[in-house]
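Each chain gets a letter, A, B and so on, in the order the sequences are listed, and its residues count up from 1. None of the values given here were measured: they were computed from a predicted structure.
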2 protein chains.
Amino acid sequence: MLTVDAVVFGYTKEKGISVLLVKRKYPPFQGKWALPGGFVDEGESLEDAVARELKEETGIEVGYMEQLYTFGKPDRDPRKHIVAVAYFALVRPETVTLVADTDAEEAAWFPVEGLQDLAFDHDAILQMAIERVRNKLTYEPIGFELLEEKFPFSDLEHLYTSLIALETGENLPKFMERRNFKKKFMSLGILEELDDYLHYPGSGRPARLYRFNEKAYYAYKKRKGMGFEL
Amino acid sequence: MLTVDAVVFGYTKEKGISVLLVKRKYPPFQGKWALPGGFVDEGESLEDAVARELKEETGIEVGYMEQLYTFGKPDRDPRKHIVAVAYFALVRPETVTLVADTDAEEAAWFPVEGLQDLAFDHDAILQMAIERVRNKLTYEPIGFELLEEKFPFSDLEHLYTSLIALETGENLPKFMERRNFKKKFMSLGILEELDDYLHYPGSGRPARLYRFNEKAYYAYKKRKGMGFEL
DNA sequence: ACAAAAGTGTTGTAGATACACCCATGT
DNA sequence: ACATGGGTGTATCTACAACACTTTTGT
């Protein structure tokens, strides 16, 4: 008995990092919120299974996905021994519309901060996913998968700040100091400085927009060893 | 259908990094070398399953083990769709004696350098394990799991050098320069300098012995963020 | 003029790099 | 005495850390 579960992260300036959950329609854990997921079909690859379940239960397709860990404790499911291969994924919440479907009553975004009491061992899975994304953020440019194509630098900064602050107990590493962070990031040469500006009405100076330059990143990877090591 | 496979690494000064393989007794891939592993029993945790299979097929018990990745491509086993959860493990080859048993004709150590043509997708699994251990080595002190309790510093150096050189194409990172590597490692304060010396007859000055100090490492972790970031 | 966010430059310092010679043993 | 591996110190340089004021907009 093999299942796949997905920890899908989204980000908005207002609500910070959120995770996509579905409300369980049937026992066990009926009525509880859980990670989307389900059984792997015979002859179906794990990645296909995750994509399919996500589509079925929430209606979304993700941009970036990666295997997280496999959870196999015999008692993680009260019915019987069911092994779950967990994935984490990143999407731009703007670009997706949630639909509830057959197996799940509802699908919705929840800010991850202090989230708990999920079905099965999904609390632990979520925790691990957060940890993983947070680490990964500092050595691979996956943050852009959560931002719009063009974004003000402050979005990037805010994304990093809030994700790294989660569970780090609020004391940010030194490289997150505003001026240093920008200097460092810019020096990588993987951000394109656009001639577009964005102004949220109601406040502050308009912000210049940036875009992630994938080609430049490959060049960087070739030049340096790998990753980008913030 | 769920299996577990183990990539068990060992290290000796003479042969460098080796991996433990078993020769398959039955089809498919009869007579080929493969990673030890087998089916997970109902109600058995994945870790238990790996430990059990290792014991059965090779007779060894490992010191350090960690989940690597789960391989689920439908065609990875020619018979049917079988998903494999792979683990990697580190042992001191000195401390174990291999025995061949029921499912496997023989068990033996093979230097990983250029190893290929294993059964199933085990080439890929091995590759991934090497990659993982190599990376991990630079941010967690797992190297000691491969060395004797007391070891000359040159062993540590040689271990790092050979593991990092694998597939890095021989050009070592700068921190591996002898004097700098030792300076750096010592500055971490996690190595105990012993008053023992070891002298291989036949050559050179006797080498001072060192011991990994786990307590000091915990203290270090508490002090610094985590890991040790060579 | 004031509030709110964007934007920016310099200096000190610690850690990384680069480099070449002496030491203790066995034969 | 020579071969073999063990062992070390210092100068330079680069990258991280610390720090506070100015700019542009809306109200």
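Not counting sequence neighbours, the partners of B:Lys184 by the side-chain contact (heavy atoms from CB on, under 4.5 Å) test are B:Leu230. Among residues two or more places apart in sequence or in another chain, the salt bridge (Lys or Arg N to Asp or Glu O under 4.0 Å) test is passed with B:Lys13 by B:Asp155. Residues satisfying the side-chain contact (heavy atoms from CB on, under 4.5 Å) test with B:Arg205, not counting sequence neighbours, are none.
Note that the CG atom of B:Leu21 and the CD atom of B:Glu106 stand 11.0 Å from one another [nearest 0.5 Å].
Around the NZ atom of B:Lys136, the shell of radius 6.0 Å holds more than 12 heavy atoms that belong to other residues, nucleotides or ligands.
Summary of the strand contacts: A:Phe175 and A:His199 both lie near DNA chain D, and taking for each the nucleotide with the nearest heavy atom, the more 5' one is attributed to A:Phe175.
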Would you list the atom pairs, donor with acceptor, under 3.5 Å between side chains in residues 116-125 of chain B and any protein atom, with sequence neighbours excluded?
unit_1, atom_1, unit_2, atom_2, d
B:Asp117, OD1, B:Lys32, NZ, 2.9
B:Asp117, OD2, B:Lys32, NZ, 3.3
B:Asp121, OD1, B:Arg76, NE, 3.4
B:Asp121, OD1, B:Arg76, NH2, 3.0
B:Asp121, OD2, B:Arg76, NE, 2.8
B:His122, ND1, B:Leu35, N, 3.0
B:Asp123, OD1, B:Asp117, N, 3.2
B:Asp123, OD1, B:Leu118, N, 3.2
B:Asp123, OD2, B:Asp117, N, 3.1

statement: Contact string for nucleotides 3-9 of chain D, one letter per nucleotide 5' to 3', B = base within protein heavy-atom range under 4.0 Å, S = sugar-phosphate only, - = neither, reads -BBBBBB
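In this entry the distance linking CG of A:Leu188 with C1' of D:dA15 reads 12 Å, nearest Å.
Side-chain contact check for A:Ile142 versus A:Phe9: every heavy-atom pair is 4.5 Å or farther apart. A 4.5 Å side-chain heavy-atom check between A:Val8 and A:Trp109 finds at least one atom pair inside the cut-off.
Where DNA chain C meets chain B (any atom under 4.0 Å from a heavy atom), the bounding nucleotides read 5' to 3' are C:dA16 to C:dG26.
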